[in-house]
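What follows is one structure encoded as structure tokens, with my remarks underneath.
Worth knowing before you read on, the calculation uses all heavy atoms, side chains too, and leaves out hydrogens, waters and symmetry mates. Computed from a prediction, not measured in an experiment: that's the story for all the values here.
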Amino acid sequence: SSSLNLKKSAERLPGRKGKGKTCYFLPLSFREFVFLISPKAKEVEQNPLTSISTLTALFKQYVEASGFPQIINDYFENKIDDSRYDIYKDWIEGEVTKAKRSPNYAYQVLSRVLESRSSQLNWESIAQSSTIKSHTTIADYIDLLDSLFIVKVVNQIENNLKIRPARNKKVYFFDHFLGSVVEKSVLKINNYSEYYQQKIKESEYFSKVVENIVFSNLLKHVVNKGYSLNDTIFFWRSKTQQEIDFMVYLRTGPKKLVTPIEVKYRNQAERSNFKSFQPIILSKDTYAPEKNILPVPLFLFKIEQYVKT
């Protein structure tokens with residue numbers, strides 16, 4: 001069934017859904033991936049600090065595969081060929097067509113999202129670099145792609161936790177594999193899997209993929225904890241251009257739970273001097289808990305321990 005139709009069908013049943021809740025089956029998190037494929041998962045769970053090298057190796061496999069079970073199976077059978085990417089491309093185009101929108105326009109928007117991954121953008125800038133020209137049409141396509149669980153918009157939040165939806169935004173893919181699907185389609189790459197294996201050796205490219213993975217894992221975590229799919233993860237930017245990649249902002253009763261997270265996927269990550277917040281710094285391999293610096297794989301595997309819910 002169409003994900004868009006399922007989502008809209010639930011919205012059309014006010015008062016008739018009983019006491020249940022809407023459940024989202026998102027791609028596998030890194031933690032779920034570890035328990036799926038590693039015979040050492042329970043050992044890692046018991047001794048995560050002595051298993052960082054194991055988690056790092058597993059994280060590399062997660063980057064190379066994805067959170068989609070079929071793609072994970074293909075990865076371990078050494079057969080992620082172009083046909084797999086094309087299946088997802090056809091699915092995107094089919095869903096967009098069902099919604100009476102243009103696949104060409106959708107891919108122009110997705111192309112710009114891919115280019116700006118981990119950076120800020122606005123709908124006007126996408127309009128200027130496409131044949132669509134109207135920022136309201138861009139917004140309509142972004143909303144559609146969000147409803148199809150392809151991309152998610154992240155709004156800016158201020159020191160006082162006031163949300164600023166009218167300002168620049170960031171847009172991430174629900175799973176990093178979907179970014180690969182778009183990249184293969186936009187750049188017309190044959191043997192994409194081989195191309196991707198080479199690209200992730202580039203530190204800047206790899207770090208952008210990692211930031212997207214951190215986002216998708218944070219989103220799955222807060223949704224699994226019963227919080228909304230929307231307006232729970234933000235980014236923060238100061239007047240002096242300091243930036244925190246993710247602000248997990250959850251509200252439960254009178255409590256406001258905030259977890260700031262900064263992704264610095266490099267060998268020697270250092271703490272930034274933020275006056276307003278003290279974020280968790282996610283590094284490539286630095287473990288310095290006294291400075292709140294953690295390796296990305298450890299943080300994702302033990303995400304429940306670090307994100308306030």
Side-chain angles (χ1 to χ4, degrees), residues 26-41 44 51-92 107 110-119 150-151 171-217 220 245 263-269 282-286 295-301:
L26 302 176
L28 298 185
S29 66
F30 175 60
R31 179 180 174 84
E32 291 169 330
F33 175 85
V34 171
F35 276 94
L36 176 68
I37 65 101
S38 176
K40 295 182 178 180
V44 173
S51 304
I52 291 176
S53 60
T54 300
L55 285 170
T56 299
L58 289 165
F59 183 68
K60 183 175 183 295
Q61 292 180 322
Y62 185 64
V63 171
E64 293 174 344
S66 74
F68 290 108
Q70 181 61 62
I71 305 302
I72 294 170
N73 287 341
D74 290 346
Y75 172 77
F76 285 102
E77 293 176 4
N78 297 312
K79 62 173 188 180
I80 304 183
D81 58 25
D82 285 350
S83 66
R84 284 299 179 199
Y85 298 96
D86 291 341
I87 287 171
Y88 283 82
K89 172 180 176 289
D90 292 343
W91 163 70
I92 292 172
Y107 268 94
L110 287 169
S111 174
R112 189 70 180 88
V113 168
L114 185 70
E115 291 173 8
S116 302
R117 187 160 51 179
S118 82
S119 301
I150 297 169
V151 300
V171 184
Y172 294 94
F173 292 93
F174 269 88
D175 185 273
H176 58 289
F177 181 79
L178 295 174
S180 293
V181 171
V182 172
E183 185 172 51
K184 180 187 184 305
S185 178
V186 169
L187 299 182
K188 315 298 182 188
I189 301 170
N190 288 345
N191 300 317
Y192 179 84
S193 184
E194 182 179 336
Y195 166 87
Y196 182 69
Q197 289 295 327
Q198 292 300 314
K199 288 295 289 183
I200 58 176
K201 293 177 182 178
E202 300 174 11
S203 58
E204 183 178 354
Y205 186 95
F206 193 86
S207 66
K208 289 182 178 181
V209 174
V210 169
E211 186 173 323
N212 201 123
I213 287 172
V214 171
F215 168 76
S216 60
N217 277 246
K220 176 151 190 173
D245 294 316
V263 182
K264 292 187 174 181
Y265 198 79
R266 58 181 77 116
N267 290 328
Q268 295 296 323
L282 301 186
S283 72
K284 183 178 181 180
D285 51 22
T286 303
V296 168
L298 176 64
F299 171 82
L300 295 180
F301 186 72

Would you compute the distance between atom CG of Leu298 and atom OG1 of Thr286 and round it to the nearest 0.5 angstrom? 12.0 Å

Report the distance from atom NZ of Lys264 to atom OG of Ser283, rounding to the nearest 0.5 Å. 10.5 Å

Can you sort out the partners of Tyr88 under ring pair (Phe, Tyr, Trp, His ring centres under 6.0 Å), two or more places apart, ordered by chain and number? Phe68, Phe177

Interatomic distance, Gln61 atom CD to Thr56 atom OG1 [nearest 0.5 angstrom]: 11.5 Å

Relative to the ring of Tyr62, is the ring of Phe59 parallel (under 30°), tilted (30 to 60°) or perpendicular (over 60°)? tilted

Do you know the tightest heavy-atom contact between Ser51 and Val44? OG-CA, 3.7 Å

Do Val181 and Trp91 have side-chain heavy atoms sitting under 4.5 Å apart? no

Heavy-atom closest contact (Gly67 atom, His176 atom, distance): N-CE1, 4.5 Å

Could you tell me whether a side-chain N or O of Ser116 sits under 3.5 Å from a main-chain N or O of Arg112, the two making a donor and an acceptor? yes

If we only count heavy atoms from C-beta on, is the Lys40 to Leu58 side-chain gap below 4.5 Å? no

For a 4.5 angstrom cut-off between non-hydrogen side-chain atoms, does Phe299 reach Asn217? no

Are Ser180 and Tyr85 linked by a side-chain donor-acceptor pair shorter than 3.5 Å? no

Indicate the atoms forming the closest heavy-atom contact of Asn212 with Asp175, along with that distance. ND2-C, 4.5 Å

Tell me, with the steps shown, if Ser216 and Tyr172 meet side chain to side chain donor-acceptor pair (under 3.5 Å). CA-CA 8 Å; Ser216 60; Tyr172 294 94; over 6 Å; no

Tell me which pairs pass side-chain hydrogen bond (donor to acceptor under 3.5 Å, both in side chains) where either residue lies in residues 65-76, with sequence neighbours left out. Glu64-Tyr75, Gln70-Asp74, Asp74-Arg84

Check whether more than 12 heavy atoms from other residues, nucleotides or ligands sit under 6.0 Å from atom CD of Glu202, and answer yes or no. yes

Say whether, by atom type as modelled, one donor and one acceptor occur between the side chain of Asp245 and the main chain of Val263 under 3.5 angstrom. yes

Considering all heavy atoms, the nearest Phe174-Pro27 contact: O-CG, 4.4 Å

Reported CG-to-CD1 distance for the pair Leu28 and Ile37, which is rounded to 0.5 angstrom: 11.0 Å

For Tyr195 and Lys184, run side chain to side chain contact (heavy atoms under 4.5 Å, CB included): C-alpha distance rounded to whole Å, both residues' side-chain angles, the deciding distance at 0.1 Å, then the answer. CA-CA 9 Å; Tyr195 166 87; Lys184 180 187 184 305; over 6 Å; no

Not counting sequence neighbours, which residues clear ring pair (Phe, Tyr, Trp, His ring centres under 6.0 Å) with Phe206? List them please. Tyr265

Lys208 bridged to Glu211 by N-O distance under 4.0 Å: no

Closest approach of Val34 and Phe301, non-hydrogen atoms and distance? CG1-CE1, 3.7 Å

So CD1 of Ile80 and CD1 of Ile72: to nearest 0.5 Å the spacing works out to 9.5 Å

Within the 3.5 Å criterion, strictly below it, is a donor on Tyr196 or Glu183 matched to an acceptor on the partner's side chain? no

Point-to-point distance, once rounded to the nearest 0.5 Å, from OG of Ser38 to CG of Leu55: 8.5 Å

Does the pair Glu32 and Lys220 meet the rule for a side chain to side chain contact (heavy atoms under 4.5 Å, CB included), with working shown? CA-CA 11 Å; Glu32 291 169 330; Lys220 176 151 190 173; 2.8 Å; yes

Nearest heavy atoms of Asn191 and Asp82, plus distance in Å: N-OD2, 2.8 Å

If we only count heavy atoms from C-beta on, is the Leu110 to Val186 side-chain gap below 4.5 Å? no

Near Glu194 CD, under 6.0 Å, is it more than 12 heavy atoms from other residues, nucleotides or ligands? no

